Amino acid sequence: MARRLLGRPELGALLGAVAVFAFFSVVADAFLRTGSFSTVLYASSTFGIMAVGVSLLMIGGEFDLSAGVMVTSAALVAALTAYQLTLNVWAGVLISLVATLALGMLNGLLCVRTGLPSFIVTLATFLMLAGLNLGVTKALTGNVASDSVRDMDGFGSARAVFASDVGVAGVEVNVTVFWWLLFVAVATWILLRTRAGNWIFAVGGAAASARAVGVPVARTRIGLFMGVAFCAWFSGMHLVFAFATVQSGEGVGNEFYYIICAVIGGCLLTGGYGSAVGAAIGAFIFGMTNKGIVYAEWNPDWFRFFLGAMLLAATAVNLVVRRRVERPA
């Protein structure tokens, strides 16, 4: 039983989360206030939703460096098409969904058909999307941000779905927190209770062996890239309806934070190992550190130092634990 528990990929992240929570509870008086903790959960959820898709992709042995700017691309497609074509914002939401899933499929197809590493393919996609986001936005609006969609038809109902606040025991909690938990639950079910989950682990662990026993390796990889794209679409919709306008330069660099959340949560860079729950815990650690430094009234420049230290520590702990579990009894 103990050996099985030690083999869980999220164990190291859980211990780290307890340590981070205890640390900021002591050094930051405001950290445990209900309103402050709601902010921590919100920060965790905005990165956690993306970390779910990224973690499944990493378990499948691939990376997506375009994930950060894809969120902004999804938001811009929804805002620009709805505003420029004077459509109901829900039409922009649906157009954005189709376009974003197509981007994910393109990433997957390029990796599968060319045999190039996903690092190279998605790095190229990242650069192209970053340029398109800025160039198209400036061409259509004359500046680097989309026009506001706040007064357009459907904005209120879309905001209720993607960016509203929900009262829980007298505390306002953003709806993204509940969506995040749902995404984690669905991803965990897929990984542990479906044939597709077995395929994901098999493809990430040994693609050639998986192909030899009939696993649809190409289809699985394309589906995982489309999963990341779906998470990016959802995060982009939150961006649009939380702020009503989108800055075209946003999202650059966030892809590394998503990967960090997944790695802290126990996903291996080599694939074949990890969990959505671990990625959620990694995102929670990210949120606690991000806001805890502010509540402790420290210089926020230290945030990346702490994040890097936690990444290194989590990776080392996961490596040690896995080696002990794999050691013959």
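No experiment lies behind these values; they were computed from the predicted model shown.
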Notebook entry, point to check: Distance-only, no hydrogens or angles: does the Ser55 side chain make a donor-acceptor pair with backbone N or O of Ala279 under 3.5 Å?
Noted result: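 Here the side-chain-to-backbone pair does not exist.
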
When rounded to the nearest 0.5 angstrom, what distance separates [atom1] in [X] from [atom2] in [Y]?
X	Y	atom1	atom2	value
Leu80	Asp147	CG	CG	7.5 Å
Met58	Thr270	CE	OG1	9.0 Å
Ser248	Leu132	OG	CG	11.0 Å

Item checked: Trp179 atom CH2, over 12 foreign heavy atoms within 6.0 Å -> no

Note to self: Within a 6.0 Å radius of atom CZ on Phe24, are there more than 12 heavy atoms belonging to other residues, nucleotides or ligands?
What the structure shows: yes

Note to self: Using the ring centroid of each side chain, check whether Phe21 and Phe284 are separated by less than 6.0 Å.
What the structure shows: no

Check: Can the ring centres of Phe119 and Phe63 be said to be less than 6.0 Å apart?
Finding: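 Phe119 vs Phe63: aromatic centres not under 6.0 Å.
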
Checklist line | salt bridge (charged side-chain N to carboxylate O under 4.0 Å, His left out) pairs, two or more places apart, involving residues 200-221 | finding: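 Pairs touching residues 200-221 that pass the test: Glu62-Arg221.
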
Note to self: Quick check: do Leu116 and Leu110 have side-chain heavy atoms less than 4.5 Å from each other?
What the structure shows: no

Note to self: According to ring pair (Phe, Tyr, Trp, His ring centres under 6.0 Å), does anything in residues 189-210 pair up with another residue at least two apart or in another chain? List the pairs.
What the structure shows: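 Listed once each, the pairs would be none.
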
Margin query: I'd like to know if the side chain of Asn107 pairs up with that of Thr122 as donor and acceptor (distance under 3.5 Å, no hydrogens or angles considered).
Written below: no

Next item on the list: Scan residues 223-236 for pairs that pass side-chain hydrogen bond (donor to acceptor under 3.5 Å, both in side chains), counting only residues two or more places apart or in two chains.
Entry: none

Next item on the list: Determine, stepwise, if the pair Ser45 / Thr176 fulfils side-chain hydrogen bond (donor to acceptor under 3.5 Å, both in side chains).
Entry: CA-CA 6 Å; Ser45 69; Thr176 53; 2.9 Å; yes

